[in-house]
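Working notes, structure below.
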Amino acid sequence: MNIPIPIDCTEILKRYRPILSNSHKGMLGHALLIGGSYGKIGAMVLASKACLKTGCGLVTTFIPSCGYETLQTAVPEVMVQTDINEKHISRCEFNFAPQAIGIGPGMGQDLGTQKAFHEILKKHFTPLVIDADAINILAKNKKWIELLPSKTILTPHQKELERLIGKWNSETEKMEKTMVLSKQYELIIVMKGSPTLVIDGEKIYENTTGNAALATAGSGDVLTGMITSLLAQSYEPIDAALLGVYLHGLTADIALPVTGYQSFIASDCIAYIGKAYLSLGK
Ligand SMILES: NC(=O)C1=CN([C@@H]2O[C@H](COP(=O)(O)OP(=O)(O)OC[C@H]3O[C@@H](n4cnc5c(N)ncnc54)[C@H](OP(=O)(O)O)[C@@H]3O)[C@@H](O)[C@H]2O)[C@@H](O)CC1
Ligand SMILES: Nc1ncnc2c1ncn2[C@@H]1O[C@H](COP(=O)(O)OP(=O)(O)O)[C@@H](O)[C@H]1O
Ligand SMILES: [Mg+2]
């Protein structure tokens with residue numbers, strides 16, 4: 001097994017691009033986040049706010065219509081397009097060309113939503129981040145994995161990974177199975193946990209930031225928004241995955257002396273993205 005490459009400050013500074021003084025929002029990417037369902041619009045509030053706070057110029061969400069007012073009120077900077085269905089996504093049609101799409105947070109797995117997701121995979125070749133229920137839907141429809149563009153980023157937690165690759169008997173077997181999937185379909189797999197590992201074919205990266213404060217509802221939804229933001233800003237997919245995971249962990253490390261472990265919530269993760277960027281020192 002290859003030795004993991006640490007995702008530390010040195011590795012990140014090789015990949016991080018400071019903002020140009022003449023930047024305008026049109027140069028900083030337009031991200032599309034697709035997800036949410038009745039009772040889980042919060043996942044999209046978190047993901048879309050994190051996407052903006054990570055530097056994307058424009059962010060549009062596509063959600064079921066029940067979430068319209070909630071999202072517009074919670075994050076006025078984010079644009080909202082709605083599905084014809086009230087409670088879950090059933091037909092995903094949008095009227096612009098995003099630089100990156102993040103899909104899955106809070107989306108649910110209704111059969112209509114599965115069909116809509118299949119249509120997106122058949123029609124769009126935009127750089128993709130696949131999380132949560134989008135991973136669960138792929139696990140139920142394994143043939144659809146072939147439709148993912150090369151270097152699509154998947155962000156499973158342990159249970160989602162198990163749904164995707166099946167059970168394992170040891171950590172080594174878990175890694176081997178994940179690497180097989182990554183190599184077979186040219187996917188970048190962010191194995192979320194403590195620590196988070198990023199698999200890109202033969203390469204294994206191990207994150208050095210983050211702590212148990214992140215064990216809180218919605219912190220993965222925030223990570224999806226952050227990685228989608230970096231992809232939309234034209235980072236290479238592997239750089240977007242590594243920088244996203246590193247900054248996400250840093251928010252919790254910086255916040256810890258203020259919030260402690262227990263009171264840190266996903267919204268704190270978003271609030272500390274600015275300090276995480278500043279700590280890169282550029
Ligand atoms: N405010 C909102 O709108 C929010 C919306 N959300 C949305 O909800 C949807 C469902 O997402 P989800 O991850 O909660 O459900 P699911 O995939 O069944 O996993 C749960 C089970 O998996 C396990 N497990 C989890 N993590 C693990 C780990 N690190 N290591 C090991 N095991 C782990 C654990 O199993 P256990 O250990 O209990 O057996 C647990 O019971 C999804 O769309 C998401 O985006 C949430 O983000 C919350 C905020
Ligand atoms: N003990 C921990 N140490 C470090 N990071 C953690 C820990 N627990 C959770 N995390 C991180 O928090 C995030 C949780 O993601 P996920 O389970 O998808 O949450 P949600 O679906 O509620 O948004 C992942 O990035 C994971 O690595
Ligand atoms: Mg999650």
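Each ligand, and each atom within it, is numbered from 1 in the order the structure gives. Hydrogens, waters and symmetry mates are skipped; everything else that's a heavy atom, side chains included, is used.
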Exercise. Between W144 and H118, what is the ring plane arrangement, given parallel below 30°, perpendicular above 60°, and tilted in between?
Worked result: parallel

Problem set entry | Heavy atom of the protein closest to atom 43 (O) of ligand 1 (residue, atom name, distance) | D133 OD2, 2.6 Å

Exercise. Is there a donor-acceptor pair closer than 3.5 Å between any side-chain N or O of S182 and the backbone N or O of L187?
Worked result: yes

Exercise. Taking all non-hydrogen atoms of both residues, which atom of I130 and which atom of F117 are closest, and how far apart?
Worked result: CD1-CZ, 3.9 Å

For this session: Around atom 25 (O) of ligand 2, find the nearest protein heavy atom and jot down its residue, atom name and distance.
Result: H248 CE1, 3.4 Å

Exercise. For atom 45 (O) of ligand 1, which of G106, A266, S219 has the closest heavy atom?
Worked result: G106

For this session: Could you name the option among N207, T216, D253, T196 that has the heavy atom nearest to atom 27 (O) of ligand 2?
Result: T196

Exercise. Which pair of heavy atoms, one from C51 and one from L33, lies closest together, and at what distance?
Worked result: CB-CD1, 3.8 Å

Seminar exercise, completed: The protein heavy atom nearest to atom 13 (C) of ligand 2 is S219 OG, 3.2 Å

Problem set entry | Sub-4.0 Å atoms of ligand 1 with respect to non-hydrogen atoms of G42 | 3 (O)

Exercise. Think R17 forms a cation-pi with Y235, using NZ or CZ under 6.0 Å from the six-ring centre and within 45 degrees of its axis?
Worked result: yes

Exercise. So is there a nitrogen or oxygen of D131 less than 3.5 Å from a nitrogen or oxygen in ligand 2?
Worked result: no

Exercise. Is there a protein heavy atom at a distance of less than 4.0 Å from atom 34 (C) of ligand 1?
Worked result: no

Exercise. With a 4.0 Å cut-off on heavy atoms, is A217 touching ligand 2?
Worked result: yes

For this session: Under 4.0 Å from a heavy atom of A212: give me the atoms of ligand 2 that qualify, with their elements.
Result: 1 (N), 2 (C), 3 (N)

For this session: Give a yes or no on whether atom 5 (C) of ligand 1 lies under 4.0 Å from any heavy atom of the protein.
Result: yes

Problem set entry | atom 28 (C) of ligand 1: nearest protein contact (heavy atom, Å) | Q158 CB, 3.9 Å

For this session: For ligand 1, find out whether one of its N or O atoms is nearer than 3.5 Å to an N or O atom of A43.
Result: yes

Exercise. Between atom CD1 of I7 and atom CD1 of I204, what is the distance when rounded to the nearest 0.5 Å?
Worked result: 11.5 Å

Seminar exercise, completed: heavy-atom search around atom 18 (O) of ligand 2 in the protein gives K192 NZ, 2.7 Å

Exercise. Backbone or side chain, does any N or O of G218 fall under 3.5 Å from an N or O of ligand 2?
Worked result: yes

Problem set entry | Shortest protein contact, atom 23 (O) of ligand 2 (heavy atom only) | G220 N, 2.8 Å

Exercise. Among side-chain atoms of S90 and D83, is any donor-acceptor pair under 3.5 angstrom?
Worked result: yes

Exercise. How many angstroms lie between CD in Q114 and CG in N141, if you round to the nearest 0.5 Å?
Worked result: 5.0 Å

For this session: Using the rule that two of Ile, Leu, Val, Met, Phe, Trp, Tyr join whenever any of their side-chain heavy atoms come within less than 4.5 Å, decide whether V75 and I265 are in one cluster.
Result: no

Exercise. Side chains of D131 and T155: do they bring a donor and an acceptor to under 3.5 Å?
Worked result: yes

Seminar exercise, completed: The atoms of ligand 2 lying under 4.0 Å from a heavy atom of A215, numbered in the order shown, are 8 (N), 9 (C)

Exercise. If you round to the nearest 0.5 Å, how far is CZ of F62 from CD1 of I34?
Worked result: 7.5 Å

Problem set entry | Carboxylate-amine/guanidinium proximity below 4.0 Å for K143 and E146 | yes

Exercise. Looking only at N/O atoms, are L214 and ligand 2 under 3.5 Å apart anywhere?
Worked result: yes

Exercise. What about N136: any of its N or O atoms under 3.5 Å from an N or O on ligand 1?
Worked result: no

Problem set entry | ligand 2 contact by E160, heavy-atom criterion under 4.0 angstrom | no

For this session: Provide, to 0.1 Å, the distance between atom 17 (O) of ligand 2 and the closest protein heavy atom, together with that atom's residue and name.
Result: H157 CD2, 3.2 Å

For this session: Measure the spacing between CD of Q109 and CD1 of I137 and express it to the nearest 0.5 Å.
Result: 5.5 Å

For this session: Look at atom 37 (O) of ligand 1 and say whether a protein heavy atom is found at less than 4.0 angstrom from it.
Result: no

Exercise. Can you check whether a protein heavy atom sits less than 4.0 angstrom from atom 41 (O) of ligand 1?
Worked result: no

Seminar exercise, completed: Of H157, K40, E160, the one whose closest heavy atom lies nearest atom 13 (O) of ligand 1 is H157

Seminar exercise, completed: Closest non-hydrogen contact found for G249 with L214 is CA-CD1, 4.1 Å

For this session: Hey, could you give me the OH/CD1 distance between Y205 and I188, rounded to the nearest 0.5 Å?
Result: 8.5 Å

Seminar exercise, completed: If you compare M191, R163, K159 by their heavy atoms, the one closest to atom 16 (P) of ligand 1 turns out to be R163

For this session: Look at atom 21 (O) of ligand 2 and say which protein heavy atom is nearest, naming residue and atom and giving the distance to 0.1 Å.
Result: D221 OD1, 4.0 Å

Exercise. Is atom 22 (O) of ligand 1 less than 4.0 angstrom from some protein heavy atom?
Worked result: yes

For this session: From the options D221, L46, D131, select the one whose nearest heavy atom is closest to atom 46 (C) of ligand 1.
Result: D221

For this session: Show which atoms of ligand 1 fall inside a sub-4.0 Å distance from at least one heavy-atom site of P105.
Result: 43 (O), 45 (O)

Exercise. Do T172 and E176 have side-chain N/O donor and acceptor atoms under 3.5 Å apart?
Worked result: no

Problem set entry | Passing option when M191 is tested against Q158, E160, K174 for side chain to side chain contact (heavy atoms under 4.5 Å, CB included) | K174

For this session: Identify which of V222, N211, T224 has a heavy atom lying nearest to atom 3 (N) of ligand 2.
Result: N211

